[in-house]
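Letters go in sequence order (proteins before strands), and every chain restarts at 1.
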Amino acid sequence: MQLSEQELVRREKLVKLRALGINPYPADLFPVDHTSKQIKENFEEGKKVTIAGRLMVINIQGKASFGQLQDSEGRIQVYFNRDEICPGDDKSLYNDVFKKLLDLGDFVGIEGELFTTKVGEKTVMVKQFKLLSKALKPLPIPKQKDGKTYDAFTDPELRYRQRYADLVVNPHVKNVFIKRTKLFTAMRDFFNNAGYFEVETPVLQPIPGGAAARPFITHHNSLDIPLYMRIANELYLKRLIVGGFDGVYEFSKNFRNEGMDKTHNPEFTAMEIYVSYKDYNWMMDFCERLLEHCATAVNGTTEATFGEHKINFKAPYARVTMADSIKHFTGFDITGKTEAEIRQAAKDMHIEVDDTMGKGKLIDEIFGEKCEGNYIQPTFITDYPKEMSPLCKEHRDNPELTERFELMVCGKEIANAYSELNDPIDQRERFEHQLKLAAKGDDEATEFIDHDFLRALEYGMPPTSGMGIGMDRLIMFLTNNQSIQEVLFFPQMRPEKKKIEMSEEEKAIAAILKTNSPIDLNELKAQSGLSNKKWDKSIKGLTAKGIAKVVKNDDGLFVEIA
RNA sequence: GACUAGUUAGCUCAGUUGGCAGAGCAUCUCCCUUUUAAGGAGAGGGUCCUGGGUUCGAGCCCCAGACUGGUCACCA
């Protein structure tokens, strides 16, 4: 591994510290009793504090220095004064250890007293300090003045691959994840207060059900069967409703083996909740109260900014049927129309259609193309076509529709809910219809029938309403992030390419050397059969890697294994 | 998958017509006891993403590839 100059310097400091009897990675606990935030909020002149964190600014001015210590809650200024730290004649702790051997990014523990500087900055006067952990790699620390950041660490590739560094130097990034966790906590509280029960269901499933998506497949060795990473947990939660729970919910990591873009990561988090004896109308009420609660818990207000849009999560939200929405935005009334009529209408709207598309799919295409993007404020779109919703109860007033809603925000879906289909015979027929659609070429149709789930329904499932919420998308809206990567600690990335250890040419030369070392340089060059250019590059590569060594003596130039 | 932009020092970025590889911060040395993007003086640091090609000469031009971002397509 090639180390930069700065990395080498820090490794040398490690050696020097050990020579002075200072362990750069001590094992014992450090008795922290304050955070930076606590100091600022409860500031008392002269108070003794013990704090720890990373040195993020060091500003040496001779016999006194200022620094900024960053802990989990922010930064606090620390003042290192030579004669405070070294009351006796030996000033080496300040002159050598502090000034020469500490670096930006190092963790230090500090005991000191609070005071206010001439310019009014609340500061810790360091009485004693201890190195807690040495940083060998320089952090990409930006400079700040008047709230402006200079030379910020912004390269998205580096930020996502090295999130640990991103979190250290970009406080706003940390805030996003704090809000993310606040959202989960708020939602959990809301459900628990309503009396619902948090559960866990299998991630490894023999049949990937509950949604239409390509799964990741894996293999269980002992059972010698294929298993799928879950694409949804819906069918398992409904089994629990069959089992007698009134309300169950789960935050579910789901996995879908599909494309990645700024709103899709191969693994993502959905929340699904199922409540017995309810219908989708009740769930709409519940949903808008839930989101109002969550938005307030996360941001302190129901209002949120997303790009150019101001959105408000204050309940209630508008409710529009899909048919009304399409009529409103296209002038076309789908009610009572045949598949052929709808296909023609879609063609007239310049929407790409093909013959594999059934009626439901066609309607969905029209809605997606012409309507969806218009809903900025939270809006419930209701009553989806039956074909698109194989797990949803038929609409009480119209057998072509289902009792389903999606909640749209800024033209994106963030929640999806049904009056759940609990008729086992109807459910079996819907699954079989999906099989036919899949055979016809509809790649969104489900191609598995979960017979165990059908058996559960046959025992009887109470009328139930269920809802799924895309947690990643929701937190994007609540933190004004346009990319899912910004709300996932470790978004999926293509693996970093390892540098090739040795080129083919280098391997060939190394092989010759192995059997014959040392060897005359020109002899080796001739044996390798390489062109001048290739030879030069390869032998330089080998010596740089410490594999070969060129030796000059009275008899000429020789190459030997290093 | 298509199109497009980018990849140069630890970080953020310049780099002219193809002619010795640049800046700020960071690093190192020296000065400086209330600074705060501290200041002053000096120094070091490069696989210009990779591999080919053109050329006397390539960070720059050509070809191929890698990775990342954006837009679109696909995908709830």
Side-chain angles (χ1 to χ4, degrees), chain A residues 2-10 12-13 56-68 75 77-85 94 99-100 103-105 115-121 123 125 135-162 165 169-170 211-214 231-232 254 256-266 268 270 352 364 368 372 384 388-389 406 408 412-416 443-444 468 470 472-473 482-483 485 491 493-500 503-504 533-534 537 540-541 544:
Chain A
Q2 292 279 354
L3 294 176
S4 71
E5 181 201 19
Q6 292 190 50
E7 289 170 302
L8 289 170
V9 166
R10 290 191 181 207
E12 284 164 20
K13 290 181 180 181
M56 296 298 276
V57 174
I58 301 176
N59 188 354
I60 297 176
Q61 5 185 7
K63 297 179 185 65
S65 308
F66 289 92
Q68 296 259 345
R75 291 185 184 184
Q77 177 161 276
V78 289
Y79 177 64
F80 290 83
N81 182 299
R82 187 192 66 182
D83 297 330
E84 293 285 341
I85 293 166
Y94 179 80
K99 276 170 73 175
K100 307 269 186 195
D103 285 299
L104 292 179
F115 78 108
T116 307
T117 63
K118 278 182 190 165
V119 285
E121 183 90 16
T123 305
M125 166 89 72
L136 292 184
K137 217 172 157 60
L139 283 163
I141 301 175
K143 286 272 180 177
Q144 285 172 0
K145 182 188 169 74
D146 303 332
K148 273 190 223 160
T149 303
Y150 298 81
D151 300 335
F153 181 55
T154 51
D155 182 333
E157 178 170 7
L158 291 177
R159 286 184 47 235
Y160 301 150
R161 288 194 196 279
Q162 304 184 29
V169 303
N170 287 323
R214 197 157 11 128
I231 57 175
N254 294 341
R256 297 188 180 178
N257 203 343
E258 285 163 353
M260 293 159 57
D261 60 31
K262 65 179 182 167
T263 54
H264 295 84
N265 195 65
F268 63 100
E352 262 187 58
D364 192 57
E372 198 172 61
Y384 281 62
M388 300 300 296
S389 315
E406 290 194 355
M408 311 297 302
K412 308 270 185 205
E413 169 220 336
I414 61 170
N416 180 22
D443 46 15
E444 275 185 38
D472 306 297
R473 282 193 191 170
Q482 309 287 324
S483 163
Q485 297 170 107
M493 300 286 276
R494 216 176 277 268
E496 285 179 81
K497 231 202 179 138
K498 281 190 198 131
K499 289 254 164 80
I500 299 161
S503 69
E504 289 306 310
K533 204 172 180 178
K534 283 250 160 110
K537 195 173 173 68
K540 276 179 180 163

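Considering only the side chain of A:Val119, B:U36 comes nearest among B:C75, B:U36, B:G10. When each of B:G45, B:U33, B:U29 is scored by its nearest atom to the side-chain atoms of A:Glu5, the top-ranked nucleotide is B:G45.
When rounded to the nearest whole Å, the span between CZ of A:Arg159 and P of B:G10 equals 20 Å. With rounding to whole Å, A:Leu104 atom CG is found 13 Å from B:A37 atom C1'. Rounded to whole angstrom, the span from the CZ atom of A:Phe153 across to the C1' atom of B:G24 amounts to 18 Å. For the pair A:Leu139 CG and B:C25 C1', the computed distance is 14 Å after rounding to whole Å. B:U27 atom C1' lies 15 Å from atom CG of A:Leu136, rounded to whole Å. For the pair A:Asn59 CG and B:C31 P, the interatomic distance rounds to 17 Å; values are reported in whole Å. When the P atom of B:U71 is taken as reference, atom CD of A:Gln482 falls 9 Å away, rounded to whole Å. With rounding to whole Å, A:Lys118 atom NZ is found 18 Å from B:A38 atom P.
Pairing for B:G18 is absent, judged as Watson-Crick or G-U wobble with the two contacts each under 3.5 Å. Base-pair partner of B:A9: not found among the strands shown (Watson-Crick or G-U wobble, both distances under 3.5 Å). Of the nucleotides present, B:G70 is the one that pairs with B:C3 by Watson-Crick or G-U wobble criteria, both distances under 3.5 Å. Remark: B:C75 base-pairs with no nucleotide in the shown strands. Criterion, Watson-Crick or G-U wobble with two distances under 3.5 Å. Taking a pair to require two hydrogen-bonding distances under 3.5 Å in either a Watson-Crick or a G-U wobble arrangement, B:U47 remains unpaired. Nucleotide B:C61 is matched to B:G53 when pairs are restricted to Watson-Crick or G-U wobble geometry with both distances under 3.5 angstrom. Under the Watson-Crick and G-U wobble criteria, each requiring two contacts below 3.5 Å, nucleotide B:C32 is left unpaired. With a 3.5 Å ceiling on both atom-pair distances, B:A37 lacks any Watson-Crick or G-U wobble partner.
Remark: the separation of the C1' atoms in B:U7 and B:G59 is 11 Å, to the nearest Å. Annotation: B:U33 and B:A21 have their C1' atoms spaced 41 Å apart (nearest Å). Across the C1' atoms, B:G22 and B:G46 are found 11 Å apart, a figure rounded to whole Å. Spacing between B:C30 and B:G18 at atom P, rounded to whole Å, works out to 46 Å. Nucleotides B:A9 and B:U55 are separated by 28 Å at their C1' atoms, to the nearest Å. Comparing the P positions of B:C62 and B:C75 gives a spacing of 37 Å, expressed to the nearest Å. B:U29 and B:G44 have their C1' atoms separated by 10 Å, with the value rounded to a whole Å. Taking atom P in both B:U8 and B:U68, the straight-line distance is 15 Å, to the nearest Å.
Considering only side-chain N and O atoms, A:Lys99 lies nowhere under 4.0 angstrom from the phosphate OP1 or OP2 of B:U29. Between A:Lys262 and B:U71 there is a side-chain polar atom (N or O) within less than 4.0 angstrom of OP1 or OP2. Side-chain N/O atoms of A:Lys143 include one lying less than 4.0 angstrom from OP1 or OP2 on B:A38. OP1 or OP2 of B:C67 sits under 4.0 Å from a side-chain N or O of A:Arg494. For B:U33, one of the phosphate oxygens OP1 or OP2 lies less than 4.0 angstrom from a side-chain nitrogen or oxygen of A:Lys63. Remark: A:Gln485 is in phosphate contact with B:G69, judged by side-chain N or O atoms under 4.0 Å from OP1 or OP2. Between A:Arg161 and the phosphate of B:U68, there is a side-chain N or O to OP1/OP2 separation shorter than 4.0 Å.
The base of B:U36 is paired with the side chain of A:Glu121 by a donor and an acceptor separated by under 3.5 Å. Put simply, the side chain of A:Asn81 and the base of B:U33 share a donor and an acceptor less than 3.5 Å apart. Taking only distance into account, the side chain of A:Thr154 never meets the base of B:U12 through a donor-acceptor pair shorter than 3.5 Å. A donor-acceptor contact under 3.5 Å is formed by the side chain of A:Asp261 with the base of B:C74. With hydrogens and angles ignored, a donor-acceptor pair under 3.5 angstrom links the side chain of A:Gln6 to the base of B:A26.
Mapped onto RNA chain B by nearest heavy atom, A:Pro140 and A:Pro156 fall at different nucleotides, with A:Pro140 at the one closer to the 5' end. Along RNA chain B, the nucleotide nearest to A:Thr117 and the one nearest to A:Asn416 differ in position, and the one closer to the 5' end is contacted by A:Thr117.
Just one of A:Val78, A:Thr117, A:Ile58 meets the side chain to side chain contact (heavy atoms under 4.5 Å, CB included) condition when paired with A:Phe66; it is A:Thr117.
Across all strands shown, A:Gln77 has heavy atoms under 4.0 Å from base atoms, whether or not it also approaches the sugar-phosphate. Across all strands shown, A:Arg256 has heavy atoms under 4.0 Å from sugar-phosphate atoms exclusively, and none from any base.
One N or O on the side chain of A:Arg256 and one on the backbone of A:Ile231 form a donor-acceptor pair closer than 3.5 Å. Of the possible polar contacts, one joining the A:Asn170 side chain to the A:Phe153 backbone as a donor-acceptor pair under 3.5 Å is found.
For A:Asn59, there are no side chain to side chain donor-acceptor pair (under 3.5 Å) partners two or more places apart in sequence or in a different chain. Take A:Tyr150 and apply the ring-ring contact (aromatic ring centres under 6.0 Å, His included) test, not counting sequence neighbours, and it matches no residue.
A:Gln6 is not listed as a side-chain neighbour of A:Asp103, based on a closest heavy-atom distance of 4.5 Å or more. At least one side-chain heavy atom of A:Arg473 sits less than 4.5 Å from a side-chain heavy atom of A:His264.
The aromatic ring of A:Phe66 does not sit over the base of B:A38; the criterion of centres under 5.5 Å apart with planes under 30° is not met.
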Output one line per pair: protein atom, nucleotide atom from nucleotides 2-9 of chain B, and distance, for all N/O pairs under 3.5 Å.
none

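Atom OG1 of A:Thr149 sits about 12.5 Å away from atom NZ of A:Lys143, to the nearest 0.5 Å.
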